[in-house]
J.: 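My structure is below; once you've seen it, I'll send some questions.
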Amino acid sequence: MAGRRRGRGSNAQQQHGPQTQRGGPRRALREPAAFAKSTGCDSEVPHEKLTIAQARRGTPAHRPVRVYADGIFDLFHSGHARALMQAKNVFPNTYLIVGVCSDELTHKLKGFTVMTEGERYEALRHCRYVDEVVRDAPWTLTTEFLKKHKIDFVAHDDIPYTSAGSEDVYKHIKEAGMFVATQRTEGISTSDLITRIVRNYDVYVRRNLQRGYTAQELNVGFINEKKYRLQNQVDKMKETVRTVEEKSKHFVYRVEEKSQDLIHKWEEKSREFIGNFLELFGPDGAWHVIQERSGRMLQALSPYSSPRGSPSSSPTRRRSVSPDSSASASPPSLSPPSSPYWRSSRKKGTGSSLSAASTFSEHAE
């Protein structure tokens, strides 16, 4: 909340010109923090010593509480930023000064750093909570240094810091009543970050080789370089195979999905076709109705004739014949009539069929 309030104040300052804000005159957010002058603080405002109670009650705008926080700040991370945020907000009106130790002093008393002192200075200058950066800060704070920069209080976590032959380098600051405690952020520190890199050394070396760094830049021998490059090729092949498998699975899934859709549509169409067929050609279908109606129409239009031997279809009724008479009736005789000419022709056994036919026709006349 406090950080957001300060952000709004900075925006107002950019719009309406420089104003005196909490913590003294504020710079625009697009400007980095200033470096401390080698001569120290040259403010014309009288610098009277403050107690913690007075600082907590608040001070005039022209007289902010000057709080000092120091450190190495290698691989600047969120734990550093949170500690500076607490130092900035420990009092209502705070001007935060941050001291950064040089490479020479740090390598001598603590160990080798990843970032150079110039990189560490710039990292602190661009932190929003910092108002001023002191380069080549001392390892142990002296009275002269505190007076030179007109420091009211020193902010650090309350854990005793053992270094340079001292059980706690802030012991004399605590005894003087100038110490304000901040809280450490668990789970993040420069040592933790370096440990992650060392633990996964091979991974990061292979990563940088892939990004174009040479083996000489990474201080990697010839054999290890070939090993790492081979591992990178194997990983690429695995990734390619994995990609192909994923694509093939997706393709098979799509084919199965399409085939199921086609089968489903085919089943629907086949049911529709069978239903239409049965509706048209079934026992009660339209085709039989049409045939029946067409048969009736043809029967109505055809003449009343029936085939031979079908007495029921005859248009006229014949005389009824009794069974006895029909049984005793004999078919008409086809024997030629008894005439002298016929008999004589038969007796003689001569003559052509034409003469016989003519004789028969004359007899008939």
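Keep in mind that this is a model prediction, so the values were computed, not measured.
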J.: If you count the non-hydrogen atoms of other residues, nucleotides and ligands that lie under 6.0 Å from OH in Y213, is the total more than 12?
T.: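 No - once you tally the heavy atoms of other residues, nucleotides and ligands closer than 6.0 Å, there are 12 at most.
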
J.: Going by an N to O cut-off under 4.0 Å, is there a salt bridge joining R125 and E122?
T.: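 Counted as a salt bridge, because a side-chain N and a carboxylate O are separated by less than 4.0 Å.
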
J.: Is it the case that over 12 heavy atoms from other parts of the model lie below 6.0 angstrom from the CG atom of N219?
T.: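 No, because the 6.0 Å sphere around CG of N219 holds 12 heavy atoms or fewer from other groups.
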
J.: Supply the atom-to-atom distance I72 CD1 to D74 CG, rounded to the nearest 0.5 angstrom.
T.: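 The CD1 atom of I72 sits 8.5 Å away from the CG atom of D74.
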
J.: Give a yes or no on whether V198 and V114 share a hydrophobic cluster (residues Ile, Leu, Val, Met, Phe, Trp, Tyr; joining criterion: side-chain heavy atoms under 4.5 Å apart).
T.: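 Yes, it is one cluster - the side chains of V198 and V114 are joined through contacts under 4.5 Å.
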
J.: Is the count of non-hydrogen atoms from other residues, nucleotides or ligands lying under 6.0 Å from E217 atom CD greater than 12?
T.: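 Enclosed.
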
J.: More than 12 heavy atoms of other residues, nucleotides or ligands under 6.0 Å from CD of E267: is that the case?
T.: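 Count over threshold, so yes.
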
J.: Classify the side-chain pair Q260/H264 by whether it contains a donor and acceptor separated by less than 3.5 Å.
T.: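 No pair is found: no donor N or O on one side chain lies under 3.5 Å from an acceptor on the other.
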
J.: Evaluate the criterion side chain to side chain contact (heavy atoms under 4.5 Å, CB included) for residue pair Q54 and E48; output intermediate values, then yes/no.
T.: CA-CA 11 Å; Q54 290 174 334; E48 300 176 356; over 6 Å; no

J.: Using atom types as modelled and distance alone, determine if a side-chain donor or acceptor of H172 lies under 3.5 Å from a backbone N or O of T142.
T.: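 Flag not set: sc H172 to bb T142 has no pair under 3.5 Å.
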
J.: Compare all side-chain heavy atoms of I173 with those of L146 and state whether any distance is below 4.5 angstrom.
T.: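 Touching, per the 4.5 Å side-chain cut-off.
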
J.: How many angstroms lie between CZ in F179 and CG in L141, if you round to the nearest 0.5 Å?
T.: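 Between F179 CZ and L141 CG, I get 10.5 Å after rounding to 0.5 Å.
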
J.: Would D131 and R66 pass as an ion pair if we require N to O under 4.0 Å?
T.: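 Salt bridge: no.
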
J.: Within this structure, what is the CH2-CG distance for the pair W139 and L109, rounded to the nearest 0.5 Å?
T.: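 That separation rounds to 5.0 Å.
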
J.: Quick check on L262: does its CG atom have over 12 non-hydrogen neighbours (other residues, nucleotides or ligands) under 6.0 Å away?
T.: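 Yes - once you tally the heavy atoms of other residues, nucleotides and ligands closer than 6.0 Å, there are more than 12.
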
J.: Any chance you could lay out the salt bridge (Lys or Arg N to Asp or Glu O under 4.0 Å) test for E239 and R242, step after step, and finish with the verdict?
T.: CA-CA 5 Å; E239 186 65 26; R242 190 179 300 110; 2.6 Å; yes

J.: Is atom CZ of R82 surrounded by more than 12 heavy atoms (other residues, nucleotides or ligands) closer than 6.0 Å?
T.: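 It does not: R82 CZ has 12 such atoms or fewer within range.
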
J.: Under the 3.5 angstrom rule, does the side chain of D103 hit a backbone N or O of T116 as a donor-acceptor pair?
T.: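 Checked: no pair found.
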
J.: Y170 and D70: side-chain donor and acceptor closer than 3.5 Å?
T.: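 Y170 vs D70: donor-acceptor pair found between side chains.
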
J.: Answer yes when R120 and E117 have at least one side-chain N-carboxylate O distance shorter than 4.0 Å, and no when they do not.
T.: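 No salt bridge links R120 with E117.
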
J.: Do any N or O atoms from the side chain of T59 and from the backbone of A55 form a donor-acceptor pair under 3.5 angstrom?
T.: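 Between the backbone of A55 and the side chain of T59 there is no qualifying donor-acceptor contact (under 3.5 Å).
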
J.: Can you list the steps and then say if L193 with I188 is a side chain to side chain contact (heavy atoms under 4.5 Å, CB included)?
T.: CA-CA 7 Å; L193 296 178; I188 183 69; 3.9 Å; yes

J.: Could you tell me whether E167 atom CD has more than 12 heavy atoms of other residues or ligands within 6.0 Å of it?
T.: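 For E167, atom CD is not crowded (no more than 12 foreign heavy atoms under 6.0 Å).
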
J.: Going by the angle between their ring planes, with limits at 30° and 60°, are F153 and F91 parallel, tilted or perpendicular?
T.: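 The rings of F153 and F91 sit tilted, inter-plane angle from 30° to 60°.
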
J.: Measure from the side-chain N and O atoms of K226 to the backbone N and O of G221, and report whether any donor-acceptor pair falls under 3.5 Å.
T.: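 Pair absent, no side-chain N/O of K226 close to backbone of G221.
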
J.: Closer than 3.5 angstrom, by distance alone: can the side chain of D168 be matched with the main-chain N or O of Y161 as a donor-acceptor pair?
T.: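 Side chain of D168 to backbone of Y161, a donor-acceptor pair under 3.5 Å: yes, one is there.
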
J.: Output the distance between atom CZ (F73) and atom OG1 (T113), rounded to the nearest 0.5 Å.
T.: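 Separation between the atoms: 14.0 Å.
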
J.: Any side-chain heavy atom of I151 sitting closer than 4.5 Å to one from F145?
T.: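 Side-chain contact under 4.5 Å: yes.
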
J.: Between R229 and E225, is the closest basic N to carboxylate O distance under 4.0 Å?
T.: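 Yes, charged N to carboxylate O under 4.0 Å.
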
J.: To the nearest 0.5 Å, what is the distance between CZ (R207) and CG (L218)?
T.: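 Answer for the CZ-CG pair, R207 versus L218, is 10.5 Å.
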
J.: Nearest 0.5 Å, what's the NZ-CD1 distance between K227 and I223?
T.: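 Interatomic distance, K227 NZ to I223 CD1, rounded to 0.5 Å: 10.0 Å.
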
J.: D192 and H77: side chain to side chain contact (heavy atoms under 4.5 Å, CB included), yes or no, with the steps?
T.: CA-CA 11 Å; D192 292 339; H77 52 75; over 6 Å; no

J.: For E175 and K171: C-alpha separation, side-chain torsions, deciding distance, then whether side chain to side chain contact (heavy atoms under 4.5 Å, CB included) applies.
T.: CA-CA 6 Å; E175 293 174 349; K171 182 178 180 180; 3.4 Å; yes

